[in-house]
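Right, one structure below, let's go through it.
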Amino acid sequence: MTSEGRAGPTANGEAPEDFDERSIDILVSLAKNGEIDPWDIDIVDVTDKFLAQVAELEKLDLRVSSRTLLFASILLRMKADALEEPEPQDLDDEELLDEDLHACFPALKPKVRRHAKRRVTLSELIHELKKATKRKEKSDVRRLIQLQAQEFDALAVAHTEDIERQVKRVQRELKRRFGKQDQVLFSELIVDNTAEHIIQTYIPLLFMATRRQIQLEQKELFGDILIQCKNL
Amino acid sequence: MNDRDLVEAALFVAGRPLTLLELESMVSLDADVEEIVESLVEEYREKGALEIVQTDEDIVMQVKGEYADAVRTIAQRDLETPVLRTLAVIAFHQPVTQSKVAEIRGNKAYGHVHELEARKLVESEPYGRTRMLRTTKAFADYFGFETESLEEIKQKIGLLLR
Amino acid sequence: MNDRDLVEAALFVAGRPLTLLELESMVSLDADVEEIVESLVEEYREKGALEIVQTDEDIVMQVKGEYADAVRTIAQRDLETPVLRTLAVIAFHQPVTQSKVAEIRGNKAYGHVHELEARKLVESEPYGRTRMLRTTKAFADYFGFETESLEEIKQKIGLLLR
């Protein structure tokens, strides 16, 4: 890591004069301590560590600049995108690996399942174009505003799409699980990582919690949510 | 194992139309594949959400029309979302240079273009230090555009974008 | 459209295990999906080359074991070879750390493990700075092992290796 020169005095562990530099400082020190690899950034990991550092600063009652919070929200958005859309693996080096493969592998015979894929529709193509356009054109600040707007939209969608139906769906699933286990984690209810599915599972939980059918507990910021049965 | 079941299993796993010839290669020597297919077509017609359809040479197992829309979202798409997004950008901006696409979509776009060319949905020609990209006739067929004209395709996409 | 047929259509097009939750989102509000699945399992067991199998959380439509080999060549691969290899390494060495697997299979193994966890064939728990990996019940079901015991699975793979 050759960033000391670039990062200036803030990278030397002194209190940064300019609080706007704090975000850079956090990232640089994460890299210096080997907590992130600048050559292979895992955005999910970086976001988590960045947010942890921000939380730490707040705990120490240090001033966190608005710019740092902006960076945090942008990272968070990138993390959400990364979770939503895993890029396909490329397998170019497979043959190379075969040569070195000292562990043999058995002739495992998987079950035979149908693997037809359907065609993409024109409206899906347009949908992706909208996403691509938005992504390019919005400045970071506008992206932040948009993020909030989207959250609001998502809530609105959840409301209009027959919330009771969603509540019933989640209720059923929880009943089934509580038959076998004492508590359920929110992550166990998530079958695909789309924002829509996550929200359509989360909102019903809030409804059920206000009806005192379940109790929700989140031990740490961004951590998993623990669901306990009260009166289902 | 009986021949009826072998035909059924083959149609199921193929996920595409099979020819009588392909089916014949799977069953016992004395089996009458045409007869088996006919009786399967009848059997599936009577009950359930699936159907077996025979057209000239090909036989395919698929979801009956009335259920197709209801389950479409469950089926996997044959283009991954990031690749589809790159394709959308090309279709809208075409003719467009590869470097412009990479600017909009990031460096991953080079891999996507590679895949899209392999799928023949996009074609390219050298253009200075980069390549000029455009969609193909196969693209127009795939998305049901009645025209191959780049201008008309762009116009239509523009209208749909609103 | 009836609920039984919707479940059948969904299982057919998915080509992968679906959870009860996913199925429930497709059918009418008052439908008892578990009951529908049970009766479909029974119905398919009685006749034909296909089966519907329910394991814990997941329900999948697939070819009955006795027909699998006969139609394997027609089927498209369910798991890409590189991913299958990584899975084989995990199954043979388990419980094994993710870093050990990456050492054997290269850095691509991280992506493979991600896919295998998403497919619920592998599960992991934190172990120091890495994760400890092992196969799941779904793995045993998928490959037709009659046991879930890691030791027995390893032994059986060991025998296959000779």
Side-chain angles (χ1 to χ4, degrees), chain A residues 34-35 37 40 42 44-45 83 86-118 161-162 164-177 179-180 188-193 196-197 200-201 204, chain C residues 12-22 24-25 29 33-34 50 53 57 60-65 67-69 71-72 74-89 91-93 104-108 110-112 114-115 118 141-144 156-161:
Chain A
E35 290 185 65
D37 175 1
D40 184 17
D42 175 349
V44 175
D45 192 35
L83 288 174
E87 293 278 334
Q89 292 293 312
D90 72 77
L91 306 161
D92 292 345
D93 62 349
E94 192 53 32
E95 264 159 352
L96 198 75
L97 281 170
D98 283 356
E99 305 276 320
D100 303 337
L101 189 59
H102 59 75
C104 301
F105 59 93
L108 289 177
K109 279 191 181 171
K111 290 282 164 61
V112 175
R113 291 174 184 165
R114 187 176 171 276
H115 254 258
K117 293 188 173 170
R118 70 177 171 91
E161 274 183 8
D162 194 356
E164 284 307 327
R165 183 187 172 98
Q166 299 296 346
V167 170
K168 190 156 180 205
R169 176 179 68 84
V170 177
Q171 248 171 9
R172 271 196 205 144
E173 177 63 11
L174 278 177
K175 269 188 194 163
R176 217 169 52 74
R177 284 175 187 269
K180 290 183 286 191
E188 293 177 67
L189 300 175
I190 301 304
V191 290
D192 70 52
N193 253 327
E196 192 187 15
H197 173 72
Q200 286 184 357
T201 307
Chain C
F12 176 80
V13 299
R16 62 180 170 90
L18 295 177
T19 62
L20 279 172
L21 214 61
E22 285 175 292
E24 258 157 16
S25 69
L29 202 54
V33 169
E34 275 187 89
L50 312 180
V53 179
E57 306 286 298
V60 67
M61 185 186 283
Q62 62 194 20
V63 171
K64 282 178 182 163
Y67 294 100
D69 280 333
V71 296
R72 200 179 296 280
I74 292 211
Q76 294 178 38
R77 274 302 245 318
D78 189 18
L79 285 171
E80 302 271 355
T81 309
V83 181
L84 188 60
R85 277 181 200 162
T86 300
L87 177 59
V89 167
F92 186 55
H93 292 282
I104 299 173
R105 294 283 297 138
N107 276 330
K108 286 279 149 45
Y110 292 104
H112 300 169
H114 188 75
E115 179 176 343
D141 289 336
Y142 189 77
F143 290 100
K156 204 159 167 197
I157 293 177
L159 285 175
L160 286 168
L161 268 180

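Hydrogens, waters and symmetry mates play no part in the numbers below; they use all other heavy atoms, side chains included. None of the values given here were measured: they were computed from a predicted structure. Throughout, protein chains are lettered first and strands after them, A, B, ... in sequence-line order, and every chain is numbered starting at 1.
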How many angstroms lie between CD in C/Glu24 and CZ in A/Arg165, if you round to the nearest 0.5 Å?
-> 10.0 Å
Who are the salt bridge (Lys or Arg N to Asp or Glu O under 4.0 Å) partners of A/Arg177, not counting sequence neighbours?
-> A/Glu173, A/Glu188, C/Glu57
Measure C/Val60 against the heavy atoms of chain A and call it side chain, backbone, both or neither at under 4.5 Å.
-> side chain
Which atoms of C/Phe12 approach chain A - backbone, side chain, both or neither, heavy atom under 4.5 Å | both
Can you tell me how far the CZ atom of A/Arg176 sits from the CD atom of C/Glu34, to the nearest 0.5 Å?
-> 5.5 Å
Applying side chain to side chain contact (heavy atoms under 4.5 Å, CB included) to C/Ser25 and not counting sequence neighbours gives A/Arg169
